Colleague: 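Starting off with a structure, shown below.
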Amino acid sequence: IAAGLVLALLCPALLWCAVYGITPLVRGGYALMATGTTILVSTGWLYSAWSRQALPGPVDTRSQLQKSAFLLSRQANLMRTAPLCCAPIFIGTALVATWIYQQRSAAEAYVLWALVAAAWLIVSVSGISSGTKLDERRARMEQLLSDLT
């Protein structure tokens, strides 16, 4: 629901800013942010769908463990690529900071660039950490599978 709300509220606003931005640099930045937001929401939907598919069902234990291990592998890969999926948002914000640097204030631009870099670093570390945790769960599932045979 939250992802749908973000897509419904944020993307139209970003697209409006992309169309009516002050300069081509700002319009490009907002267009990248809209693209990144759409990609991020789509990958969030994929992650949620895979989480629901991994829930236990009315099948035998072995096939359920195989399915769960496979879906955990997909989720881990998705989490490790989170920085790439979010890249358009951060690059778009950096472009807006470049415009601020050119037209307004260097100090404000440096603050925005630092915030963008810190946010991207946090997303990267968080994605890698989550991917590692999911891989550990997948390894435990595969160990259970090997114990069953």
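Just the heavy atoms: all of them, side chains too, but no hydrogens, waters or symmetry mates, feed the values below. All of these numbers come straight from a predicted model, not from anything done at the bench.
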Colleague: I'd like to know if Ile91 and Trp113 are part of one continuous hydrophobic network [Ile/Leu/Val/Met/Phe/Trp/Tyr, side-chain heavy atoms within less than 4.5 Å].
Modeller: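 No, Trp113 does not connect to Ile91 through the hydrophobic network.
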
Colleague: Would you kindly confirm whether Leu134 and Phe70 end up in one hydrophobic cluster when ILVMFWY residues are joined by side chain heavy atoms under 4.5 Å apart?
Modeller: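 In one cluster: yes.
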
Colleague: If you look at every heavy atom in Val123 and Cys86, which pair is closest and at what distance?
Modeller: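 Taking every non-hydrogen atom into account, CG1-SG, 4.1 Å.
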
Colleague: From Ser68 OG over to Leu145 CG, what is the distance, rounded to the nearest 0.5 angstrom?
Modeller: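 If we round to the nearest 0.5 Å, Ser68:OG and Leu145:CG are 9.0 Å apart.
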
Colleague: Please round to the nearest 0.5 Å and tell me the distance separating atom CZ of Arg140 and atom CG of Leu72.
Modeller: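 Result: 9.0 Å between the selected atoms.
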
Colleague: OG/Ser73 to CZ/Arg138 distance, rounded to the nearest 0.5 angstrom?
Modeller: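 Rounded to the nearest 0.5 Å, the OG-CZ separation comes to 5.5 Å.
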
Colleague: Can you tell me if Arg74 has over 12 outside heavy atoms packed within less than 6.0 Å of its CZ?
Modeller: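 Yes, because the 6.0 Å sphere around CZ of Arg74 holds more than 12 heavy atoms from other groups.
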
Colleague: Could you check whether any side-chain N or O of Thr38 sits under 3.5 Å from a backbone N or O of Ala34, counting only pairs where one atom can act as donor and the other as acceptor?
Modeller: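 The answer is yes, because a donor-acceptor pair under 3.5 Å joins these two groups.
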
Colleague: Roughly how far, to the nearest 0.5 Å, is OG1 of Thr37 from CG of Leu9?
Modeller: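 Leu9 atom CG to Thr37 atom OG1 measures 12.0 Å (nearest 0.5 Å).
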
Colleague: Dump the intermediate steps for side-chain contact (heavy atoms from CB on, under 4.5 Å) on Leu32 and Ile89, then the final yes or no.
Modeller: CA-CA 6 Å; Leu32 281 171; Ile89 296 170; over 6 Å; no

Colleague: So which atom in Trp99 and which in Val26 form the shortest heavy-atom distance, rounded to 0.1 Å?
Modeller: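 Distance-wise, the nearest heavy atoms are CG-CG2, 3.3 Å.
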
Colleague: Mind checking salt bridge (charged side-chain N to carboxylate O under 4.0 Å, His left out) for Arg80 and listing every partner two or more places apart, or none if nothing turns up?
Modeller: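 Scan of Arg80 (salt bridge (charged side-chain N to carboxylate O under 4.0 Å, His left out), adjacent residues dropped) gives Asp135.
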
Colleague: In terms of hydrophobic clustering (I, L, V, M, F, W, Y; side-chain heavy atoms under 4.5 Å; direct or indirect links), are Leu121 and Leu112 co-clustered?
Modeller: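 In one cluster with Leu121: Leu112, no.
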
Colleague: For a side-chain contact (heavy atoms from CB on, under 4.5 Å) check, start with the C-alpha distance between Ser146 and Glu142, then their side-chain angles and the critical distance, and finish with the verdict.
Modeller: CA-CA 6 Å; Ser146 67; Glu142 288 175 351; over 6 Å; no

Colleague: So how far is it from Met141 CE to Glu136 CD, rounded to the nearest 0.5 Å?
Modeller: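 The CE atom of Met141 sits 13.5 Å away from the CD atom of Glu136.
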
Colleague: Restricting to side-chain hydrogen bond (donor to acceptor under 3.5 Å, both in side chains), what partner residues turn up for Glu108, sequence neighbours left out?
Modeller: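 With neighbours one apart ignored, the set is empty.
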
Colleague: Hey, does the side chain of Trp120 reach the backbone of Ala87 with a donor-acceptor pair shorter than 3.5 angstrom?
Modeller: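 Flag not set: sc Trp120 to bb Ala87 has no pair under 3.5 Å.
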
Colleague: Search all heavy atoms of Ala97 against all heavy atoms of Ala109 and return the closest pair with its distance.
Modeller: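 Minimum heavy-atom contact is O-CB, 3.3 Å.
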
Colleague: Honestly curious: do Leu46 and Met79 fall in one hydrophobic cluster under the side-chain, below-4.5 Å linking rule?
Modeller: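 The answer is yes; both residues are in one hydrophobic cluster.
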
Colleague: Evaluate the criterion side-chain contact (heavy atoms from CB on, under 4.5 Å) for residue pair Tyr30 and Leu95; output intermediate values, then yes/no.
Modeller: CA-CA 9 Å; Tyr30 281 116; Leu95 288 175; over 6 Å; no

Colleague: Nearest 0.5 angstrom please: Tyr110 OH to Tyr101 OH, how far?
Modeller: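 Answer for the OH-OH pair, Tyr110 versus Tyr101, is 4.0 Å.
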
Colleague: Do Thr43 and Tyr47 touch side chain to side chain, with heavy atoms closer than 4.5 Å?
Modeller: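 Of all side-chain heavy-atom pairs linking Tyr47 with Thr43, none is under 4.5 Å.
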
Colleague: Please report the C-alpha distance between Met33 and Val96 in whole Å, then the side-chain angles of each, then the deciding distance to 0.1 Å, and finally whether the side-chain contact (heavy atoms from CB on, under 4.5 Å) criterion is met.
Modeller: CA-CA 10 Å; Met33 284 188 251; Val96 171; 3.7 Å; yes

